[in-house]
Amino acid sequence: MTSPKTSVSFVMISVIIWFIMLLLCPSQLRGQLGTTPNIKHIVVGRCYSYMTLVNPSLRYDCEEIWRQFEETVVHQSPCNVTVEDYHQMFHVMPQTWVCDRFLFWSKTRTLMHSYAAAVSNFWTLEDTLVGYMFNDLIWCGQKEDFGFDFSSCPEWSACRNHPVYSLWRQASQNFAEMACGNITVLLNGSIDNAFNRKSMFGSVELDCLNPKRVNYVNIKVVTNLEGPFIESCRQGSIVDLILILQSRGFHWTCTDNDQTLMMLQCIQNPKYSSCQTFANSLLHRKITFN
């Protein structure tokens with residue numbers, strides 16, 4: 001019979017080994033993540049939630065969407081699902097959007113969600129039906145058998161025709177092609193290459209924007225409260241973005257100090273000195289106007 005002390009020691013050793021593997025081989029461990037458990041229940045459930053809570057005016061056949069998705073993925077090897085393979089699925093879930101509400105982003109996900117929630121007229125890719133249904137999920141088929149692989153899926157970088165990447169590429173293309181009126185692009189000025197041609201915005205969405213449908217591209221560059229302050233409307237890769245917009249005939253604006261974004265950051269981190277300075281400037285402005 002194993003003593004409690006021996007069992008505890010075994011558990012501690014196992015935890016230590018797992019922790020060391022996580023530090024030394026993070027990419028390998030991530031690559032071993034398989035299809036999200038209970039993915040059918042999650043996807044179909046989100047579909048019904050979307051029609052009930054997010055956009056009650058819409059009606060979709062959630063089971064048919066799942067069937068098209070499943071047939072696309074499980075009949076292919078993990079690195080052989082193309083954008084075209086998803087066309088039938090997207091065909092059974094068409095969606096249109098009101099102009100002036102499109103919000104694009106790159107490397108600003110957390111702040112983007114706060115911004116979209118605070119400024120309620122904005123919609124992001126995650127607010128579309130497909131974005132809502134598949135956000136943060138993983139999936140892939142099996143190489144030698146029918147069905148999802150729940151034990152291991154390749155990383156996006158492992159293959160061009162990754163099943164997750166291909167779906168989001170098609171979703172991003174559709175979202176950008178629908179964009180109209182004044183659109184907003186939220187970029188991170190605290191990193192190099194805030195505008196990255198390899199990102200989903202830089203490689204897919206930007207090229208799919210139509211200057212005949214889009215009146216203005218409003219770029220908002222946001223930095224971390226305490227920096228680093230690497231890129232802005234006047235320097236770095238954002239200048240390259242502006243040149244591309246100009247060459248394609250887009251009207252554009254660019255700002256480095258959007259007050260709403262600053263407020264959202266300071267609500268989460270009010271003790272930063274930059275937030276105190278910002279609050280004092282708002283107070284001074286109010287006193288001056290009065």
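Here the structure is a predicted model, which is why all the values come from computation and not from measurement.
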From CA spacing to verdict: ring-ring contact (aromatic ring centres under 6.0 Å, His included), Phe102, Phe122: CA-CA 6 Å; Phe102 289 79; Phe122 278 134; over 10 Å; no
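- Minimum heavy-atom separation, Pro78 to Gly141: CG-O, 3.2 Å.
- Taking the side chain as every heavy atom from C-beta outward, Leu206 and Leu241 approach each other to under 4.5 Å.
- Donor-acceptor pairing under 3.5 Å is lacking for the side chains of Thr184 and Asn182.
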Asn218/Thr253 under side-chain hydrogen bond (donor to acceptor under 3.5 Å, both in side chains): CA gap, chis, key distance, verdict: CA-CA 5 Å; Asn218 299 310; Thr253 66; 2.6 Å; yes
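- Looking only at atom types and distance, the side chain of Gln173 has a donor-acceptor partner in the side chain of Glu177 under 3.5 Å away.
- Heavy atoms of other residues, nucleotides or ligands lying less than 6.0 angstrom from NE2 of His251 number 12 at most.
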Arg197/Asp207 under salt bridge (Lys or Arg N to Asp or Glu O under 4.0 Å): CA gap, chis, key distance, verdict: CA-CA 10 Å; Arg197 262 304 198 176; Asp207 294 335; 3.1 Å; yes
Salt bridge (Lys or Arg N to Asp or Glu O under 4.0 Å) assessment of Glu70 paired with Arg67: CA-CA 5 Å; Glu70 183 180 37; Arg67 189 179 70 81; over 6 Å; no
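- The backbone N or O of Glu226 sits nowhere less than 3.5 Å from a side-chain atom of Asn224 that would complete a donor-acceptor pair.
- The cluster map of Ile, Leu, Val, Met, Phe, Trp and Tyr, joined by side-chain heavy atoms under 4.5 Å apart, puts Trp168 and Tyr165 in the same cluster.
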Verdict with reasoning, Arg46 to Val43, per side-chain contact (heavy atoms from CB on, under 4.5 Å): CA-CA 5 Å; Arg46 286 179 177 179; Val43 170; 5.9 Å; no
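- The CG atom of Asp256 sits 8.5 Å away from atom CD of Gln235, with the distance rounded to the nearest 0.5 Å.
- Note on Leu137 and Met133: same hydrophobic cluster, where clusters join Ile, Leu, Val, Met, Phe, Trp and Tyr whose side-chain heavy atoms are under 4.5 Å apart, directly or indirectly.
- Residues Val54 and Ser49 are not in side-chain contact: their nearest non-hydrogen atoms beyond the backbone lie 4.5 Å or more apart.
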Just distance, no hydrogens or angles: give the donor-acceptor pairs under 3.5 Å from side chains in residues 86-93, sequence neighbours left out.
| from | atom 1 | to | atom 2 | distance (Å) |
| --- | --- | --- | --- | --- |
| Tyr86 | OH | Trp139 | NE1 | 3.0 |
| Tyr86 | OH | Pro163 | O | 2.6 |
| His87 | NE2 | Gln170 | OE1 | 3.1 |

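- Here Ser172 contributes atom OG and Leu125 contributes atom CG; the two are 5.0 Å apart, rounded to the nearest 0.5 Å.
- Under the 4.5 Å side-chain heavy-atom criterion for grouping Ile, Leu, Val, Met, Phe, Trp and Tyr, Ile65 is connected to Tyr48 within one hydrophobic cluster.
- Cluster annotation: Phe134 and Tyr132 are assigned to the same hydrophobic cluster (Ile/Leu/Val/Met/Phe/Trp/Tyr, side-chain heavy-atom contacts under 4.5 Å, transitive).
- Counting only N and O atoms by type, the side chains of Ser237 and Asp240 include no donor and acceptor under 3.5 Å apart.
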Evaluation steps, side-chain contact (heavy atoms from CB on, under 4.5 Å), between Trp97 and Trp123: CA-CA 9 Å; Trp97 292 93; Trp123 288 89; 3.3 Å; yes
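- From Asn193, atom CG reaches atom CD1 of Ile238 across 10.0 Å, with rounding to the nearest 0.5 Å.
- Rounding to the nearest 0.5 Å places CZ of Phe250 at 10.5 Å from CD1 of Ile244.
- The local environment of CZ in Arg248 is crowded, with over 12 non-hydrogen atoms from other residues, nucleotides or ligands closer than 6.0 Å.
- Atom CD of Gln268 and atom SG of Cys275 lie 10.0 Å apart (nearest 0.5 Å).
- A distance-only check finds a donor-acceptor pair linking the side chain of Tyr50 to the backbone of Asp127 [under 3.5 Å].
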